[in-house]
Amino acid sequence: LADKFLLFCQPYTFSQQDEDAINKLVEGEYSKGKETTSCVQFIPDPNNTLEEQYKILHYKFTMVHEPGYKSNVSLKRISSHNLFGKNLKKYLNGIDKPDLVYCAIPSIDAGSVASKYCKKNNIPFVIDVQDLWPEAFKLAFRVPILSDILYSPMTMLINSVYKQADKVIAVSDTYKNRPLKHNKKDKTGLTVYLGTDLEEFDKMSLMHNVDKPDDEIWVCYVGTLGRS
């Protein structure tokens, strides 16, 4: 991607077996001998478990503080991400200029800060769209006309981020097409589906044989069961 690689990502917990796509991307760039730095959102943890897990990463990383939130779709998350954006701006103003910035979306605030920083310093800006905001909020709280008014500031802000991106990457075609509507720099975008290591999957399937009776019909679901 570039000689120096600066990444902004969500506060995922990493482990040696972690299959997070962005983590694997940074690890891959690091293994090629490139200088890689990950800038992560740090939510205070009284047990320090998150900070301990970050210690196993091979590449450099910087924790940028945000207060945290409990619900994925909430005003507290918006407020928390807003503060993260402000702290991220302070961090960027104190570092050497990278050759490329790769930014996970959301957060919108991080994307906005990063896009303005890249435009000012003429740095290639790549976005990785993992969710659509404010669309996700509209699904949880939608009132005709009122919702459009309430979410209009977020919509204008994210559209400006989409417009500024030099390359659009997303986890689905739907997520990719949304930014491309506002982007003149990237004509096609790139879809990288979320998944896991197929070799590891096949290896585990051999270790755990399942005896299914012929007279039974089994329905299997592979995915996430959760709530915002």
Side-chain angles (χ1 to χ4, degrees), residues 1-12 20-30 32 34-41 59 61-62 64 66 77-78 81-82 84-93 95-138 151-195:
L1 290 172
D3 294 330
K4 185 179 293 185
F5 182 69
L6 181 60
L7 167 68
F8 312 100
C9 68
Q10 300 171 356
Y12 295 131
D20 172 58
I22 296 183
N23 180 41
K24 292 179 73 69
L25 174 62
V26 185
E27 288 279 9
E29 292 297 300
Y30 175 85
K32 296 176 184 177
K34 298 182 180 180
E35 182 181 349
T36 60
T37 301
S38 176
C39 182
V40 299
Q41 292 164 279
Y59 51 83
F61 66 91
T62 298
V64 177
E66 71 163 286
R77 185 178 186 184
I78 295 175
H81 280 203
N82 180 261
F84 171 76
K86 293 179 180 179
N87 290 332
L88 176 62
K89 184 177 182 179
K90 295 177 183 177
Y91 167 75
L92 290 174
N93 289 334
I95 65 172
D96 295 333
K97 296 177 184 177
D99 297 313
L100 179 143
V101 170
Y102 188 106
C103 183
I105 305 293
S107 100
I108 295 178
D109 294 278
S112 178
V113 168
S115 66
K116 292 176 183 177
Y117 173 80
C118 290
K119 183 177 182 179
K120 178 181 178 181
N121 294 284
N122 194 29
I123 299 171
F125 178 54
V126 180
I127 60 173
D128 188 332
V129 184
Q130 302 176 4
D131 199 1
L132 295 181
W133 284 23
E135 288 85 344
F137 284 80
K138 289 183 179 180
Y151 296 126
S152 60
M154 294 177 65
T155 300
M156 289 188 291
L157 192 60
I158 192 59
N159 286 347
S160 68
V161 175
Y162 292 155
K163 181 179 179 180
Q164 180 61 29
D166 294 287
K167 185 64 182 179
V168 174
I169 300 174
V171 299
S172 73
D173 289 340
T174 299
Y175 286 12
K176 177 188 69 176
N177 293 334
R178 169 70 172 88
L180 290 180
K181 291 179 180 179
H182 301 274
N183 189 287
K184 303 295 184 182
K185 301 179 182 180
D186 188 357
K187 300 299 182 182
T188 59
L190 176 65
T191 300
V192 180
Y193 299 106
L194 296 179

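Just so it is clear, the structure is predicted and the values come from calculations on it, not from any experiment.
For Lys86, the side-chain contact (heavy atoms from CB on, under 4.5 Å) partners at least two apart in sequence or on another chain are Asn82.
The two residues Pro134 and Thr155 come nearest to each other via the heavy atoms CG-OG1, 3.3 Å. In plain terms, the two heavy atoms of Val101 and Ala114 that are nearest each other are CG1-CB, 4.2 Å. Summarising the geometry of Phe125 relative to Gly111, their closest heavy-atom pair is CZ-O, 3.8 Å, with the distance given to 0.1 Å. When every heavy atom of Val113 is checked against every heavy atom of Gly85, the shortest pair comes out as CG2-O, 3.4 Å.
Atom CD1 of residue Ile127 and atom CD1 of residue Ile158 lie 7.0 Å apart, to the nearest 0.5 angstrom. In this structure, the separation between CD1 on Ile123 and CG on Asp166 is 10.5 Å, given to the nearest 0.5 Å. The CG atom of Leu157 sits 7.5 Å away from the OG atom of Ser115 when rounded to the nearest 0.5 Å. The CG atom of Leu100 sits 7.5 Å away from atom SG of Cys118, with the distance rounded to the nearest 0.5 Å. Note that OH of Tyr151 is 11.0 Å distant from CD of Glu135, once rounded to the nearest 0.5 Å. To the nearest 0.5 Å, the span separating NZ on Lys97 from OH on Tyr117 amounts to 7.0 Å.
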Exercise. Between Asn87 and Lys90, does a side-chain contact (heavy atoms from CB on, under 4.5 Å) hold up when you go through it step by step?
Worked result: CA-CA 5 Å; Asn87 290 332; Lys90 295 177 183 177; 4.2 Å; yes
Exercise. Please walk me through it: do Asp186 and Thr188 pass side-chain contact (heavy atoms from CB on, under 4.5 Å)?
Worked result: CA-CA 6 Å; Asp186 188 357; Thr188 59; 3.9 Å; yes
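Residue pairs that meet the salt bridge (Lys or Arg N to Asp or Glu O under 4.0 Å) test with at least one member in residues 108-126, sequence neighbours left out, do not exist here.
Relative orientation of the Trp133 and His81 rings is parallel, given thresholds of 30° and 60° on the angle between their planes.
Panel note: side chain Lys185, backbone Gln164; a donor-acceptor pair is recorded below 3.5 Å. When atom types are taken as modelled, the side chain of Tyr91 and the backbone of Val64 share no donor-acceptor pair closer than 3.5 angstrom.
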What pairs of donor and acceptor atoms, side-chain ones from residues 167-176 against any protein atom, are under 3.5 angstrom apart with sequence neighbours left out?
from	atom 1	to	atom 2	distance (Å)
Ser172	OG	Tyr175	N	3.1
Asp173	OD1	Thr191	OG1	2.7
Tyr175	OH	Asp131	OD1	3.4

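A donor and an acceptor atom, one from each side chain of Asn183 and Arg178, are nowhere located under 3.5 Å apart.
Annotation: Asn122, atom CG; neighbour count of heavy atoms from other residues, nucleotides and ligands within 6.0 Å does not exceed 12.
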